K.L.:
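Just dropping this structure here.
By convention here, the first residue in the shown sequence is residue 1. As the structure is a prediction and not an experimental result, all values here were calculated from the model.
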Amino acid sequence: MMDILYRSTRNDKIAVKASQAILKGLAEDGGLFVPNEIPSLDKTLNELSAMNYREVAYEIMKLFFTDFTEEELKNCIEHAYDSKFDNSEIAPTIGDMSPYFLELFHGSTIAFKDMALSILPYLMITSAKKNQATNEIVILTATSGDTGKAALAGFADVEGTKIIVFYPKSGVSMIQEKQMVTQVGANTHVIGIEGNFDDAQTGVKNIFSDKEFEQLMNQNGFQFSSANSINIGRLIPQVVYYVYSYVQLLKRNEIKEGEQINFVVPTGNFGNILAGYYAKKMGLPIAKLICASNDNKVLYDFFETGVYDRNREFVLTTSPSMDILISSNLERLIYRIAGNSSEKNAKLMSDLSKVGRYEITDEMKNELADFYGNYASEEETAEAIASLYHKTGYVMDTHTAVAYSVYEKYKAETADQTKTVIVSTASPYKFTRSVMDAIDTAYDTMTEFELVDELEKLSKVAVPQAIEEIRTARVIHQTTCDKSEMKDAVKAFLKL
Ligand SMILES: *Cc1c(COP(=O)(O)O)cnc(C)c1O
């Protein structure tokens, strides 16, 4: 089998094995690791349709993580995709008519981040062993709400690791915050910052590229890694469910082998949809990847004009996990459409960091035909939740509703009849207030947990374990800091 190496999107000279890319998270020059080639599926879709989620996961990951042994990889997969998921299919594709819903929220924190973050800790410890790393791994993560909890749950009490999570104090839902601040595990630390998600993400990136700090860490037996979606160990596990969803539809005779389908992806940091793009490049028959944004529609504008411009107001919406103006993973796409040119990409990223804006060439723009971008306003999102509920009884969360609403626009605009899967990224229980408000404003006066019980009656879906747990859980983490004090907060926790 071909060895895949991982190069930095900003420097061709850097090329490391999968395990090293997973350990590092981000390349030294601030670039993201990308595979030097995207491997093709080596099983037919029919063969894959006879496999369960874990088996499909192995078939995909073995092609990317070529320096892992079969035993190592299978061991990671078995530990990740087990009874932590409350559905035996792990990621079921719901419905018997297009649009289908690919539910990615059956893991322990009821959002799609569990799909990758339940395996990342195992990939990381295995990578550390393979590379004889002796330092303790410190996971540093910025979260718009869902990554933080999923990473905390994944890394809590994992030997040889510590995890520090920064979240925007006023930018997450009440349930998201409660999930994080009640996290147990002596190696966990959660900090609310005065600032938004982009501030948190930039702060974390700055700490990562601080050479002096790295030295100090090293002297004290620590090394940083990232659980953010910039880590290739998160991106690749996300390719799996696109393939799995397709072959489930095939198995159920909803589609024919080779038939092209669309995926609609509610997008923030561009990690989820990029995994779909990788799946397509591996040979999965995907027609369009429909990129759905909320009012922070920087990606929609980018697809329309070829200009990426973050100089705009940051809007707090009811889909907070998509409240992002710097979509980190887009860099991997930019690199690719620039003809795998680290030089061209580095120039654009430097523009982005200096003036908050860059423009791609027409030639690059032509490479974006795999994508369609649009956005949904707050009213349209709420409308989508209410109308689908009244029509079918199915209750979507706010992020999924953004995707649903964008899909309606796409259909109206293109009259495309291609069968389509809506990627459903969170359980409605994670955003109960916004979801219930969308259905009926009469719910306004109820408390969050009263709403949870109402939602159960309405949706006829049992309250997930993740919500039951936090009803009575004790708040453990109360640290807050300004966005300028993040480095000091890390030092304090690590006693440096
Ligand atoms: C993280 C997240 C998204 C956005 O995914 P990206 O990979 O950042 O584009 C969408 N919905 C939910 C519920 C999320 O947690």
K.L.:
Verify, without hydrogens or angle tests, whether Thr143 (side chain) and Gly148 (backbone) share a donor-acceptor contact under 3.5 angstrom.
P.N.:
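Judged by distance alone, yes, a pair lies under 3.5 Å.
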
K.L.:
If you round to the nearest 0.5 Å, how far is OG1 of Thr381 from OH of Tyr375?
P.N.:
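Here the interatomic distance stands at 11.0 Å.
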
K.L.:
Between Arg336 and Glu367 (salt bridge meaning N to carboxylate O under 4.0 Å), is one present in this structure?
P.N.:
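Glu367 and Arg336: not salt-bridged.
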
K.L.:
Are Tyr277 and Phe371 an aromatic pair, judged by ring center distance below 6.0 Å?
P.N.:
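Between Phe371 and Tyr277, the centre distance is under 6.0 Å.
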
K.L.:
Measuring from Lys430:NZ to Ser321:OG, what's the distance to the nearest 0.5 Å?
P.N.:
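Those atoms lie 7.0 Å apart.
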
K.L.:
Has Thr9 got a side-chain atom pairing as donor or acceptor with Gly31's backbone, closer than 3.5 angstrom?
P.N.:
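No; zero donor-acceptor contacts below 3.5 Å.
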
K.L.:
Does Gln201 use its side chain to pair, donor to acceptor, with the backbone of Asn228 at less than 3.5 Å?
P.N.:
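Side chain of Gln201 to backbone of Asn228: no pair is present.
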
K.L.:
Is the Tyr394 to Phe101 ring centre distance short of 6.0 Å?
P.N.:
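Tyr394 vs Phe101: aromatic centres under 6.0 Å.
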
K.L.:
Using the ring pair (Phe, Tyr, Trp, His ring centres under 6.0 Å) rule, pick out the option among Tyr407, Phe263, Tyr410 that qualifies with Tyr372.
P.N.:
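Testing Tyr372 for a ring pair (Phe, Tyr, Trp, His ring centres under 6.0 Å) against Tyr407, Phe263, Tyr410 leaves exactly one candidate, Tyr410.
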
K.L.:
Using modelled atom types and a 3.5 Å cut-off, is there a donor and acceptor pairing between side-chain atoms of Asp114 and backbone atoms of Thr109?
P.N.:
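It does hold such a pair.
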
K.L.:
So, the side chain of Arg234 versus the backbone of Ala227: is there a donor-acceptor pair under 3.5 Å, distance only?
P.N.:
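Present.
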
K.L.:
So does Tyr389 get a backbone contact from the side chain of Thr392, meaning a donor-acceptor N/O pair under 3.5 Å?
P.N.:
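The answer is no, because no donor-acceptor pair under 3.5 Å joins these two groups.
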
K.L.:
So does Ser229 get a backbone contact from the side chain of Asn329, meaning a donor-acceptor N/O pair under 3.5 Å?
P.N.:
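Confirmed, Asn329 side chain pairs with Ser229 backbone.
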
K.L.:
Rounded to the nearest 0.5 Å, what's the gap from OG1 on Thr141 to CG on Leu152? Could you check?
P.N.:
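Output value for this atom pair is 8.0 Å.
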
K.L.:
Are any side-chain N or O atoms of Lys280 and backbone N or O atoms of Ala287, one a donor and one an acceptor, separated by less than 3.5 Å?
P.N.:
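Present.
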
K.L.:
Within a 6.0 Å radius of atom NZ on Lys483, are there more than 12 heavy atoms belonging to other residues, nucleotides or ligands?
P.N.:
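Not buried by this count: 12 neighbours or fewer within 6.0 Å.
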
K.L.:
Under 3.5 Å, which donor-acceptor pairs link side chains of residues 291-303 to any protein atom two or more places apart or in another chain?
P.N.:
{"from": "Asn294", "atom 1": "OD1", "to": "Asn296", "atom 2": "N", "distance (Å)": "2.8"}
{"from": "Asn294", "atom 1": "OD1", "to": "Asn296", "atom 2": "ND2", "distance (Å)": "3.3"}
{"from": "Asn294", "atom 1": "ND2", "to": "Thr317", "atom 2": "OG1", "distance (Å)": "3.0"}
{"from": "Asn294", "atom 1": "ND2", "to": "Ser319", "atom 2": "O", "distance (Å)": "3.2"}
{"from": "Asn294", "atom 1": "ND2", "to": "Ser319", "atom 2": "OG", "distance (Å)": "2.9"}
{"from": "Asn294", "atom 1": "ND2", "to": "Asp323", "atom 2": "OD1", "distance (Å)": "2.9"}
{"from": "Asn296", "atom 1": "OD1", "to": "Val315", "atom 2": "N", "distance (Å)": "2.8"}
{"from": "Asn296", "atom 1": "ND2", "to": "Val315", "atom 2": "O", "distance (Å)": "2.8"}
{"from": "Asn296", "atom 1": "ND2", "to": "Asp323", "atom 2": "OD1", "distance (Å)": "3.0"}
{"from": "Lys297", "atom 1": "NZ", "to": "Asp301", "atom 2": "OD1", "distance (Å)": "3.3"}
{"from": "Lys297", "atom 1": "NZ", "to": "Asp301", "atom 2": "OD2", "distance (Å)": "3.4"}
{"from": "Asp301", "atom 1": "OD2", "to": "Arg312", "atom 2": "NH1", "distance (Å)": "2.8"}
{"from": "Asp301", "atom 1": "OD2", "to": "Arg312", "atom 2": "NH2", "distance (Å)": "3.1"}

K.L.:
For the backbone of His399 and the side chain of Asp397, can you confirm whether one donor and one acceptor N or O come within less than 3.5 Å of each other?
P.N.:
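Such a contact is found between Asp397 side chain and His399 backbone.
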
